[in-house]
Number of protein chains: 2
Amino acid sequence: MTTSLSTTSYALLGLLVFDGVSSQQGMTGYELKQRADLTLRFYWVSPAMSQIYTELDKLRRHGLIDAVDDTAGKRTTRRFVITAEGRTSLETWLHTSEHEFPILKHPIALRLLMGALMGPGEIEAMLDGYTSALAKRRSELESVREMLGDDPAVAYPAHVAEWGLAYYDAEVEIVDKLRKKL
Amino acid sequence: MTTSLSTTSYALLGLLVFDGVSSQQGMTGYELKQRADLTLRFYWVSPAMSQIYTELDKLRRHGLIDAVDDTAGKRTTRRFVITAEGRTSLETWLHTSEHEFPILKHPIALRLLMGALMGPGEIEAMLDGYTSALAKRRSELESVREMLGDDPAVAYPAHVAEWGLAYYDAEVEIVDKLRKKL
DNA sequence: TGTAGCATGTAAGCCGTTACATGATTGA
DNA sequence: TCAATCATGTAACGGCTTACATGCTACA
């Protein structure tokens, strides 16, 4: 059962291992997507809904999660629960896999590379736009950070959120300095 | 001819527009890959060789570049030159396309999110490894920055390189602070 | 003479997106 | 009753990687 999965698969498995929160056992695909929007989005990707379901199916076929039909509510939904095998698989991945270097896809920096083809006003406008997009992102992540509070159960997610906030702050500062040099 | 291309296509087109450097006119696929490794890699991606050739073929079919058989050397190679159409297409893209927010795929932060499943020593080791990978990356980019010098022709690439250096510095600082909090 | 670098491609396949399709439940 | 949200999928396709295949050239 060591057909290695993609990082995204393990990321979703990681959301399922800290399932906890809700009164129900396990999570629906829909809930998983919402959770991904609050966490994975900032440091990885938040897969499309369709991809979530595809991944869940793959994880289930690999025996890493169980699908449980939940008939408690008015409506039957499928809840997914990590299995013992899933837990060990995730831990093995954490312990043994390569720690790849982060990948940054930065359209703003890419465009600035071709700054000679843009007008100075256009560059200004682009950087302005980027700064406000950063501010928006930052406030979204700030809400997440506040939601986590100081509950020791989510100490690590809180650390990571703070990492993200510090990154956004650094980026704002870099852009400010850059603007002055232009 | 407004079948919109991928960002990567435009990025390569952007490398071809600043062709300049060599005595020859245009660039080979191989040279383009080398250039991408020096620039695009840090802010976007450096596509695989096979992808480079695929993109070049697509750009040629769209009339954005010309392929010229170069028989000057001992060996015939294909050199690619941007066309007038290619130039305007690139400029149109710069002027009109959406400025998407950067995408960060950060395996280290992702793993830290599941820090509760890792031992403290393991986390330390991971962050250590990341710090040295950062130092290596930084020195690679530093070489690029030095190569660019203060030639006004490459002022923008130089600005972007400095952006990258500042980013790596900020990341090191963030990781240092994080390590103290753990 | 052999190896590293230059040079150019094709094929298979993974990962992920958008578009499409469907339907239930909640609350204004 | 109507819209927003919850909930679950399939199909088509784009973008990119790895593996494979081929061959020349410079130089130690």
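Naming convention: chains lettered A, B, ... in sequence-line order (proteins, then strands); numbering from 1 in each chain.
Rounded to whole angstrom, the span from the CD1 atom of B/Ile52 across to the P atom of C/dA7 amounts to 14 Å. Put simply, CG on B/Leu59 is 12 Å from P on D/dG15, counting in whole angstrom units. In this structure, OH of B/Tyr10 is placed 15 Å from C1' of D/dG15, rounded to the nearest angstrom. Look at CE on A/Met27: it is 11 Å from P on D/dA7, rounded to the nearest Å.
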CA sep, side-chain torsions, deciding dist, call: B/Thr8, B/Trp44, side chain to side chain donor-acceptor pair (under 3.5 Å):
CA-CA 8 Å; B/Thr8 298; B/Trp44 191 251; 3.0 Å; yes
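Looking at every heavy atom in both residues, A/Leu94 comes nearest to B/Glu122 through O-OE2, 3.6 Å.
Taking a cutoff of 4.0 Å between a charged side-chain nitrogen and a carboxylate oxygen, B/Asp57 and B/Arg61 qualify as a salt bridge. By the 4.0 Å N-to-carboxylate-O rule, A/Lys177 lies too far from B/Glu162 to be salt-bridged with it. Under a 4.0 Å N-O distance rule, the pair B/Glu100/A/Lys105 does not qualify as a salt bridge. Residues B/Asp37 and B/Lys33 are paired through a salt bridge, judged by an N-O separation under 4.0 Å between the basic side chain and the carboxylate. For the pair B/Glu91 and B/Arg87, the salt-bridge criterion is not met [side-chain N within less than 4.0 Å of a carboxylate O].
For the pair B/Ile108/A/Phe101, no side-chain contact is recorded, criterion being any heavy-atom separation below 4.5 Å from C-beta on.
The terminal axes of the helix from C/dT1-D/dA28 to C/dA28-D/dT1, fitted over 5 pairs per end, subtend an angle of 30° to the nearest 10°.
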Let me have a per-nucleotide readout for nucleotides 8-18 of chain C, 5' to 3', with B, S or -, counting only protein heavy atoms under 4.0 Å.
BSB----SBBB
Got a list of protein N/O to nucleotides 24-26 of chain C N/O distances below 3.5 Å?
unit_1: C/dT25; atom_1: OP1; unit_2: A/Lys74; atom_2: O; d: 3.3

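Between the side chain of A/Thr83 and the main chain of A/Leu64, a donor-acceptor pair closer than 3.5 Å is present.
Under the 6.0 Å cut-off for aromatic ring centres, B/Tyr130 and B/His106 qualify, their centroids lying closer than that.
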